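For reference, the structure I am asking about is given below.
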Amino acid sequence: MSSNKIKIIFSGTPEFAQPSLESLAADSRFEILGVITQPDRPAGRGQKIATSAIKQSAQKLGLTVWQPQKIKSLAAELKKLSPDFLVVVAYGQLLPREILEIPKYGAVNVHGSLLPKYRGAACIAAPILNGDKNSGITIMLMNAGLDSGPILKQTEIILDPKETAASLHDKLSHLGAKDLGNTLVSFYSGKIKPKDQPLEGISYFSSLKKEVGLLEWTKSAEILDQEIRAYYPWPGSFTTWQRRRLKITKAEVLKETELKNKLPGTTLLIDKKLVVACGQGFLNILELQLEGGRVLKIEVFLDGHPQIAHAQLGS
RNA sequence: CGCGGGGUAGAGCAGUUGGCAGCUCGCCAGGCCCAUAACCUGGAGGUCGUCGGUUCGAAUCCGACCCCCGCAA
């Protein structure tokens with residue numbers, strides 16, 4: 001029926017990929033032949049079987065869903081569909097050459113950084129952690145390497161000083177979705193020439209480990225602030241208080257610092273603010289969550305836990 | 001059956017040898033003050049998650065269920 005539409009197989013897993021899938025599905029220039037996503041797995045509290053965000057979207061859109069343990073097993077089936085593009089957005093597995101070679105025009109990836117900077121899975125946390133002023137989206141052709149293929153389109157955005165991984169994730173996922181359709185069409189019609197990534201400025205940022213969320217109060221307030229924003233909401237930043245895990249979800253560097261340096265991790269109550277001494281400077285805690293409890297704004301937390309105003313965190 | 005913490009006033013938390021239900025904040029009223037988010041006085045507001053059991057008597061002990069959350073994935 002739609003023989004003049006560009007035929008796409010979509011591959012992705014988490015929420016980050018949803019805007020891309022949904023915008024392609026809503027775009028009459030494309031026909032989505034099916035969606036590949038990670039298998040349903042036990043996840044979360046209680047180990048209930050969870051379906052990926054993309055599977056949910058695909059089902060809502062009435063699209064065919066494949067969930068292979070190994071994507072190679074789909075090779076023959078995909079080949080028969082003779083897709084023009086394989087579009088990959090955060091699928092979660094490396095794709096073998098055998099699969100990448102199936103689509104007639106190539107496999108296209110949406111990546112959340114300005115490549116070649118921040119190749120790898122933690123491309124959203126990386127710029128915040130490094131205090132960068134900008135980041136962006138790269139749409140590229142995939143090759144056998146890790147995020148190393150030729151660039152089709154790149155769009156930069158300026159980071160907000162209070163940017164968190166959550167807010168940047170949201171911005172980039174929509175930016176990628178917005179660029180994707182036109183980029184595919186332009187490349188399809190020969191208007192874009194892929195450019196090889198520069199050899200200068202390559203960096204890698206592989207997926208975050210849980211331990212990075214531990215706040216080391218001997219670091220400077222500025223660094224800790226960047227960590228808290230980069231790791232929000234996952235894996236989160238935490239310290240300990242009265243032998244319980246205390247997550248810090250929101251904080252800022254205390255600007256007026258006529259305070260004398262104290263032992264890192266010491267808390268003070270100043271002007272109804274909860275302030276923690278760091279290796280250099282002070283951090284003003286705005287929002288936190290004690291193990292077992294909800295996330296609370298600091299003034300509410302203090303109503304029930306006034307003792308935290310004179311404590312030693314992380315010990 | 002992955003491990004664990006928790007559901008008490010609008011919010012956040014105390015409260016197990018079972019015996020009149022408390023604290024901080026907020027809210028209402030009054031007072032102080034040039035004034036105030038500050039301070040003082042008084043007040044309203046609770047089926048103690050739900051259902052059942054034990055007991056003279058249950059927030060508290062027992063059982064089932066619902067909901068929230070941390071870890072781990």
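Predicted model, so just to flag it, every value in this text is computed and none were measured. A note on names: the letters A, B, ... follow the listed sequences, proteins ahead of strands, and every chain is numbered from 1.
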Open item on the list: Do the side chains of E163(A) and K171(A) get close enough for a salt bridge, i.e. N-O under 4.0 angstrom?
Closed with: yes
D271(A) atom CG is separated from A38(B) atom C1', nearest whole Å, by 13 Å
Among the nucleotides G70(B), A73(B), G12(B), whichever has the atom closest to the side chain of Q289(A) is G70(B)
**OP:** For U60(B) versus G53(B), give the span between their P atoms, rounded off to a whole number of Å.
**Re:** 14 Å
When you compare the protein's N or O atoms with those of nucleotides 63-68 of chain B, which come within less than 3.5 Å of each other, and at what distance?
unit_1 : atom_1 : unit_2  : atom_2 : d
C68(B) : O2'    : R294(A) : NH2    : 3.4

Per the under-4.0 Å heavy-atom filter, residues of residues 243-252 of chain A near RNA chain B come out as R245(A), K247(A)
Applying the 3.5 Å cut-off to both distances, the Watson-Crick or G-U partner of C3(B) turns out to be G70(B)
Problem - Atom P, compared across G18(B) and C61(B): separation rounded to whole Å - result: 9 Å
Under a 3.5 Å limit on both distances, the Watson-Crick or wobble mate of U50(B) is A64(B)
Whole-Å distance, K297(A) NZ to G12(B) C1', equals 14 Å
When both distances are under 3.5 Å in a Watson-Crick or G-U wobble arrangement, the nucleotide paired with A37(B) is none
inquiry  = Please determine whether a side-chain nitrogen of the Lys or Arg among D84(A) and K5(A) lies less than 4.0 Å from a carboxylate oxygen of the Asp or Glu.
reply    = no
Mate of G42(B) across any strand shown (Watson-Crick or G-U wobble, both atom pairs under 3.5 Å) is C28(B)
Roughly how far apart, to the nearest Å, are C62(B) and G70(B) at atom P? 27 Å
Q. Looking only at atom P, what distance separates G49(B) and A58(B), rounded to whole Å?
A. 15 Å
Between NZ of K210(A) and P of G70(B) the distance, given in whole Å, is 12 Å
Whole-Å distance, I49(A) CD1 to G2(B) P, equals 10 Å
Q | Distance between P atoms of C66(B) and C27(B) (Å, rounded) | A | 38 Å
> Distance between the C1' atoms of G43(B) and A9(B), in whole angstroms?
Replying inline: 14 Å
Under 3.5 Å, which protein N or O atoms sit close to an N or O of nucleotides 24-28 of chain B? Give each pair with its distance.
unit_1 : atom_1 : unit_2  : atom_2 : d
C25(B) : O4'    : D303(A) : OD1    : 3.1

**Prompt:** When you compare C20(B) with G57(B), how far apart are their P atoms, in angstrom units rounded to a whole number?
**Reply:** 16 Å
* **Distance, C1' atom - from A21(B) to G31(B), rounded to whole angstrom** => 30 Å
Using 4.0 Å as the upper bound for N to carboxylate O, is an ion pair formed by D160(A) and K162(A)? no
**Message:** Taking the side chain as everything from C-beta on, heavy atoms only, tell me whether E291(A) gets closer than 4.5 Å to L246(A).
**Reply:** no
Please state whether the rings of Y105(A) and F85(A) are parallel, tilted or perpendicular, taking 30° and 60° as the class boundaries.
tilted
